[in-house]
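Worksheet for the structure shown next.
FYI, side chains are in, hydrogens and waters are out, and symmetry mates aren't considered; it's all heavy atoms of this structure. Just so we're on the same page: letters track the sequence lines, and every chain starts at 1. Quick caveat: nothing in here was measured; it's all calculated off a predicted structure.
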Number of protein chains: 2
Amino acid sequence: MKTTQAVGALSALAQETRLQIFRLLVRKGSLGMAAGDLSEHFSIPPATMSFHLKELSSAGLIISRRESRSIIYSANYDQMQELMGFLLENCCADNGGKCQ
Amino acid sequence: MKTTQAVGALSALAQETRLQIFRLLVRKGSLGMAAGDLSEHFSIPPATMSFHLKELSSAGLIISRRESRSIIYSANYDQMQELMGFLLENCCADNGGKCQ
DNA sequence: TTGATATTTCGACTATATTGGAAATATGAA
DNA sequence: TTCATATTTCCAATATAGTCGAAATATCAA
């Protein structure tokens with residue numbers, strides 16, 4: 001993972017509504033949730049929800065699949081794991097590996 | 001950890017310069033690094049660096065200590081761990097714990 | 001087809017974040 | 001003291017992000 005990609009993922013999560021959407025999708029697992037249901041669940045207009053889903057999606061944090069007329073979004077755990085690994089990379093390397 | 005606090009931490013990291021500062025401090029461990037050295041290392045004016053350090057600091061991601069005329073910043077691993085735990089909380093709970 | 005439903009794109013407005021020079025504050029050394 | 005060094009605060013300019021109504025697009029059912 002490169003810095004630019006990590007900044008993208010962190011920016012996507014650094015917003016109240018989007019963080020809540022993401023955490024709900026993390027709960028839902030592979031079941032995911034339709035854009036409209038998310039819109040209703042958070043009482044957010046479809047246009048606004050669409051904007052947020054696009055942000056999370058471009059950051060690679062969620063993926064989407066079509067099911068009839070609905071679009072189902074679900075969390076992308078791989079991207080999440082990569083992000084976390086990136087944040088703690090080389091932890092304490094310049095202090096002989098000692099974190100305390 | 002509450003959503004507001006998590007958004008604060010994520011916002012602090014969601015910026016190219018600050019992410020690089022944080023990752024460097026993660027490497028440095030408890031040794032940390034002086035504000036002025038960080039400023040020089042990234043070729044960023046002291047005022048700008050101070051702004052970024054304050055952001056990371058208010059988010060609880062870094063801590064500071066004074067050593068003579070310098071202020072030494074270092075990563076706060078506890079806050080980082082908490083943030084990560086928060087992001088993956090209740091993972092797949094609504095899908096019987098199955099992530100696939 | 002036509003109409004109903006689900007979602008996205010467009011565009012204009014408002015709000016928030018970033019930058020850095022100049023001045024202020026804090027520490028230590030002569 | 002007085003001066004040099006280290007950092008922060010102030011402030012104004014610039015840049016980026018978030019909101020959502022209206023219109024456009026996609027799917028399905030009759």
Would one find a side-chain N or O of [X] under 4.0 angstrom from OP1 or OP2 of [N]?
X: Y73(B); N: dT8(D); answer: yes
X: S70(A); N: dT7(C); answer: yes
X: R66(A); N: dA26(D); answer: no

Q: Using the six-membered ring of F86(B), assess whether NZ or CZ of R23(A) lies under 6.0 Å from its centre and within 45 degrees of the ring axis.
A: yes

Q: For the side chain of R69(B), starting at C-beta, report the closest nucleotide among dT8(C), dT8(D), dG28(C).
A: dG28(C)

Distance in angstrom units between [X] [atom1] and [N] [atom2], rounded:
X: I72(A); N: dT5(C); atom1: CD1; atom2: C1'; answer: 14 Å
X: R65(A); N: dT27(D); atom1: CZ; atom2: P; answer: 16 Å
X: I71(A); N: dT27(D); atom1: CD1; atom2: C1'; answer: 10 Å
X: L53(B); N: dT8(D); atom1: CG; atom2: C1'; answer: 10 Å
X: E16(A); N: dG18(D); atom1: CD; atom2: P; answer: 12 Å
X: E55(B); N: dT8(D); atom1: CD; atom2: P; answer: 13 Å
X: I21(B); N: dT18(C); atom1: CD1; atom2: P; answer: 11 Å
X: L19(B); N: dA17(C); atom1: CG; atom2: P; answer: 18 Å

What protein N or O atoms touch nucleotides 19-23 of chain C N or O atoms at under 3.5 angstrom, if any, and at what distances?
from    : atom 1 : to     : atom 2 : distance (Å)
dT19(C) : OP2    : H52(B) : NE2    : 2.4
dG20(C) : OP2    : T48(B) : OG1    : 3.4

Where [X] and [Y] come nearest, the two heavy atoms and their spacing:
X: S74(B); Y: G32(B); result: CB-CA, 3.9 Å
X: C99(A); Y: Y77(B); result: O-CE1, 4.2 Å
X: L83(A); Y: A9(A); result: CD2-CB, 4.0 Å
X: L10(B); Y: L13(A); result: CD1-O, 3.5 Å

Q: Decide yes or no for F22(B) and M80(B): does some side-chain heavy atom of the first lie under 4.5 Å from some side-chain heavy atom of the second?
A: yes

Q.
Are I72(A) and L31(A) packed together at the side-chain level, in the sense that at least one heavy-atom pair is separated by less than 4.5 angstrom?
A. no

Do any side-chain atoms of residues 38-62 of chain B form donor-acceptor pairs under 3.5 angstrom with protein atoms, and if so which ones, sequence neighbours left out?
from   : atom 1 : to     : atom 2 : distance (Å)
S39(B) : OG     : I44(B) : O      : 2.5
H52(B) : ND1    : R18(B) : NH1    : 3.1
S58(B) : OG     : K54(B) : O      : 2.5

Q. Heavy atom of residues 30-43 of chain A under 4.0 Å from DNA chain D: which residues?
A. none

Q. Looking across every strand, which nucleic acid part, if any, lies under 4.0 Å from S50(B) by heavy atom: base, sugar-phosphate, or nothing?
A. base

Q) Which value, rounded to the nearest 0.5 Å, describes the distance between Q20(B) atom CD and Q15(B) atom CD? A) 9.0 Å

Q. Toward the 5' end of DNA chain D, which comes first, E67(A) or S11(A), by nearest nucleotide?
A. S11(A)

